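Let me begin by presenting the structure, written as structure tokens, before commenting on it.
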Amino acid sequence: MSTVGDSIDVIEPATERVIAKVPSAGMEETDRAVAKAKEAFATWRDVAAGDRATVLRRIAAAVEDQAMSLARLETRNVGKPISDALGEIGVVAATFAYYAGSPERLTGKTIPVPGGVNMTFKEPMGVVGLITPWNFPLAIASWGVAPALAAGNAVVLKPAQLTPLTAIELERIALQAGLPEGVFQVLAGPGSLVGERLVDHPDVAKIGFTGSTDVGKRISARASGTIKRVTLELGGKSANIVFADADLERAAAAAPGAVFGNAGQDCCARSRILVERTAMDRFLELLSTNVAAMRVGDPMDEATEMGPLITAQHRAKVASFLDDDTTVVARGSAPDGPGFWFAPTVVTPRSTDARVVTEEIFGPVACVMPFEDEEDAIAIANDTIYGLSGSIWTENGSKALRVARAVDAGTLSVNSNWSVRIATPYGGFKQSGIGRALGPDALDYYTELKNVYIAT
């Protein structure tokens, strides 16, 4: 990677070519950005709620107008299929539109108390530092930027060093939409410099981080030095629980997308498929057929369902999970030639403590395991340090609700593999994170609750 003062080479995963060079920021640039954000916050926090809402609506409209160009940029930078990228840009526009409705509704409470009246206010925090990942660069950035701006904060965003291009475009769009200069800034650069400085900086009031659990632990520890507010959306090892009474054809058709979508580079990927033993053979037969039919190839082709992995190093890490503790039961195809390709793969483990069972793979490898009954399914699903997402497939509504209440995960779906909805909270239990993104609850993580008592 490039050093500070130089530039970052941005690589296209499908071709292994350099497609852009981006200036690389360091600690000095980070300090200047924070100082600029602090100054801008002093004005932005006092902008009328309706005027803040207008700016957010303009950003949403501009993102929608430029959806195709943004999607093409995301596809080339990340390697995701163009159809997926277009869907994600739609999510970005919808996220800004959703939080455009928040500034005028960000209200407190009036609480009667003896001797007076008590009021609460939701106050903006100040400068918010956002550190976002490479797998869904613009979508996840919008989940933090939109509510933070709606609440009256200023934002310094550090996108992943591998995928900074659409974040840079978002800053341009926001300025053109009328957001005052300094309120939202993007700094591309190494996490060891830009990210750590944001975490350590005394004028940064809050850090929002999406990434691995190991890095999240380090950020949480560093943030304690200034008692910084932190939200963390971290790793996952989500369970896809399939009961024998489920619609097996539907469950098996949905399962590949649930783990191979975005080439498996998804923290809520259902990479542990748990199948009731009596349905195991039939489910594996259906799943194998669907995996073999997946179209892996050119991300710019609208028919492509899966693109390459992000880097050669990451591909090697994913491949390391296919060791003597696993048996490959199904494998799709992948192109030859340039590009960081990896065929979608289904394995069964030879032991319950195999790495493929316990560790987050973050690639297109699904692990299928049998369970005996409802109690066994819950026990296996909860046997992990993670608790982000998951699915339950059954035609029995009572069973579905029982299992959903018993599984330790923050975002569950029944007869569906969908995790993210803009209007509902998203986040994890256990070592999958702290706090929630999206929905009205996200605003609580970008405001401080102030209590005011007036004696009467």
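Being a predicted model, the structure only gives us computed values, none of them experimental. For reference, positions follow the sequence shown, starting with 1.
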Should [X] and [Y] count as an ion pair when the cut-off is N to O under 4.0 Å?
X	Y	result
E12	R76	yes
R436	D441	no
D245	K399	yes
K80	E74	no
K36	E39	no
D444	K122	yes
E196	R222	yes
E123	R45	yes

What distance do [X] atom [atom1] and [Y] atom [atom2] have between them, rounded to the nearest 0.5 Å?
X	Y	atom1	atom2	answer
L162	W134	CG	CH2	7.5 Å
I241	W393	CD1	CH2	12.5 Å
L234	F209	CG	CZ	6.5 Å
Q66	I89	CD	CD1	10.5 Å
T210	I140	OG1	CD1	5.0 Å
E360	S212	CD	OG	8.0 Å

Exam field: side chain [X] to backbone [Y], donor-acceptor pair closer than 3.5 Å:
X	Y	result
R52	A150	yes
Q265	I310	yes
N153	A148	yes
W44	L149	yes
S389	S238	no

Does any non-hydrogen side-chain atom of [Y] lie less than 4.5 Å from one of [X]?
X	Y	answer
T358	K237	no
T424	T411	no
K158	L130	no
V10	L165	yes
T30	L198	yes
I207	I219	yes
L86	D84	no
S419	S413	no

Taking everything shown except R172 itself, do over 12 heavy atoms lie less than 6.0 Å from its CZ? yes
Between Y446 and K206, is there a cation-pi geometry (under 6.0 Å to ring centre, at most 45° from the normal)? yes
Worksheet item: Any luck finding a side-chain donor-acceptor pair between K430 and S432 under 3.5 Å?
Response: no
With P159 as partner, the option from I131, V22, T132 fulfilling side chain to side chain contact (heavy atoms under 4.5 Å, CB included) is T132
Q.
Can you confirm whether or not the ring centre of F243 sits under 6.0 Å from the ring centre of F371?
A. yes
Taking every heavy atom of P440 against every heavy atom of Y98, the minimum-distance pair comes out as CD-OH, 3.1 Å
For P137 and V78 the tightest heavy-atom approach is CG-CG2, 3.6 Å
Margin query: Pair N451, T120 - check side-chain hydrogen bond (donor to acceptor under 3.5 Å, both in side chains), show working.
Written below: CA-CA 5 Å; N451 193 74; T120 64; 5.9 Å; no
